[in-house]
Novice: 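Encoded as structure tokens, here's the structure I'll be asking about.
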Protein chains: 2
Amino acid sequence: MRQGLTAASARRVARPTPLRQAVSDALAELIISGTLEPGQHLVEADLAEQLGVSRQPVREALQRLHTDGWVDLRPAQGAFVHVPTQEEATQLLGVRTVLETYSAQLAAQHAKPEHIERLWQLQQEGMDALAESATHRLVAANTALHTYITSVGGNDVLAELITQVGRKVRWYYTPIANSRSKGSWNEHARLIEAIAKGDPERAGEIMRKHTERTRTYRKAIEAEAASA
Amino acid sequence: MRQGLTAASARRVARPTPLRQAVSDALAELIISGTLEPGQHLVEADLAEQLGVSRQPVREALQRLHTDGWVDLRPAQGAFVHVPTQEEATQLLGVRTVLETYSAQLAAQHAKPEHIERLWQLQQEGMDALAESATHRLVAANTALHTYITSVGGNDVLAELITQVGRKVRWYYTPIANSRSKGSWNEHARLIEAIAKGDPERAGEIMRKHTERTRTYRKAIEAEAASA
DNA sequence: ATACAAGCTCCTGCATACAGAATCCCAAAC
DNA sequence: GTTTGGGATTCTGTATGCAGGAGCTTGTAT
């Protein structure tokens, strides 16, 4: 059997998932959910015991979380949950905006009819969740839509970056992320229309304003919180 | 002494640099320089012996290099130097363009007279290197200029991303990176002028075209190589 | 009472040890 | 000659051990 394999059959069989990845995911989840609070000292031995593994995989997971920006590693002192600053949040939103804008432009350039169809499906899913006020579903639908737009663009490097940045943004803005849902999904509709027309200029511009709006919202919320 | 410390005195004293970082840097250097070839299997024990450390720091370094995209980690098989594809290179250039464009816009918005002065200094350094045909200095000057522009923009998150993406781009295009130097530094001059005028639109546009040109160049070089 | 110093405890960073999986090699069968 | 099976080898993944350093506590002096 020296002949080549098709792409489908060449897909590798399930490999034993390294423990470090499971640990890394678990810790990331704990950080995002707030169980592990910003600034908290992460003691390797404790985490290892809680997760039922040795210190080794925990260390490797912490390394990964460090390069991803979730934890800070102080030499000879260990790992601490990263403390997000307001400045950092603002910068992150700016970066996300340019990345998502580019993503929308690429999508508009590469979209095919079947992609457009799928986009409208995801849009509908979001509208349904909105009607039911199902917050969790709404957030999921929002993520799914944005992710799909990026995948239509076909730039994997970009997709990877957006995923990372997106996770951080969600961490910073868990509470306010969904409050402006209605308007957000109107914008989504217009965005899909632009992509369907193959109009990168317009698609990019809509996405830019769409993501910029998070920043405006943040300011409003903060002002409100300050005066309350 | 409970009083607050000044920013200067608060700077932490020299801490023992973790071995893993030294190893990580060393390996990255070996990969960029081509000593370790794409696709090559990196055996932990061998690396450890060569670098005079145990497997542990090597493993942690490989973790980091993995999340930074320099090596691929196949479960139960270990680390392999990442094999860059043409597709990936193209995608990377696209991402770099949007990031650098944003960087230029921010710089134009935030630049102060002393920044402009420094920019012209760096520009001069590049011109000098160009005149002497000092390739290494030229590349260094180019990096320094771009890096400084980003720092003027003041977005650390962006800076971090650009650094990562930039290193990869340099890896992919080591041979051709400097071939179009002359025109490149003319563009730099116009870019600085735009930043000095505080014109984000124009600065962004110049940077966009500036980085886009790498892509054009690549195509030309490849066509040439193919016909030769 | 406050500042300071010595000792202790805890934790990290690195090294080593061990078990399981993957690959490779070689011999035997078709 | 090609293929197949088994065994040895090699390497990863995980666990454990140990030395050094950081921070805390307690006791002491001012």
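If you're wondering where the values come from, they're calculated on a predicted model, not measured in any experiment. So that the names make sense, note that chain A is the first sequence line, chain B the second, and so on, each numbered from 1.
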Novice: Holding to side-chain contact (heavy atoms from CB on, under 4.5 Å), I want the full list of residues that pass it with A/F80, two or more places apart in sequence or in another chain.
Specialist: A/H41, A/R74, A/Q77
Novice: Got a sec? Which of residues 38-46 of chain A come in under 4.0 Å of DNA chain C, heavy atoms?
Specialist: A/H41, A/L42, A/V43, A/E44
Novice: Nearest 0.5 Å, what's the CG-CD distance between B/L158 and B/E160?
Specialist: 10.5 Å
Novice: Is there a side-chain polar atom (N or O) of A/Q77 under 4.0 Å from OP1 or OP2 of C/dC11?
Specialist: no
Novice: Indicate yes or no for a side-chain donor-acceptor contact from B/S103 to the backbone of B/L99 under 3.5 Å, with no hydrogens or angles considered.
Specialist: no
Novice: Would you check if the side chain of A/W70 reaches a backbone N or O of A/A28 as a donor-acceptor pair within less than 3.5 Å?
Specialist: no
Novice: Please list, in numerical order, the residues of residues 59-71 of chain A that have a heavy atom closer than 4.0 Å to any atom of DNA chain D.
Specialist: none
Novice: Contact class for A/R20 (heavy atom, under 4.0 Å): base, sugar-phosphate, or nothing?
Specialist: sugar-phosphate
Novice: Using a 3.5 Å distance criterion without hydrogens, assess whether the side chain of A/Q91 forms a donor-acceptor pair with backbone atoms of B/G154.
Specialist: yes
Novice: Should B/D128 and B/R137 count as side-chain neighbours, where that means a heavy-atom distance under 4.5 Å?
Specialist: yes
Novice: Would you give the length of the straight line joining atom CG of B/L145 to atom OG of B/S184, rounded to the nearest 0.5 angstrom?
Specialist: 9.0 Å
Novice: Decide side chain to side chain donor-acceptor pair (under 3.5 Å) for B/E100 and B/H210; before the verdict, give the C-alpha distance in whole Å, the side-chain angles of both, and the deciding distance to 0.1 Å.
Specialist: CA-CA 9 Å; B/E100 287 277 11; B/H210 176 61; over 6 Å; no
Novice: Among C/dA21, C/dA17, D/dA15, which is the nearest nucleotide to the side chain of B/A76?
Specialist: C/dA21
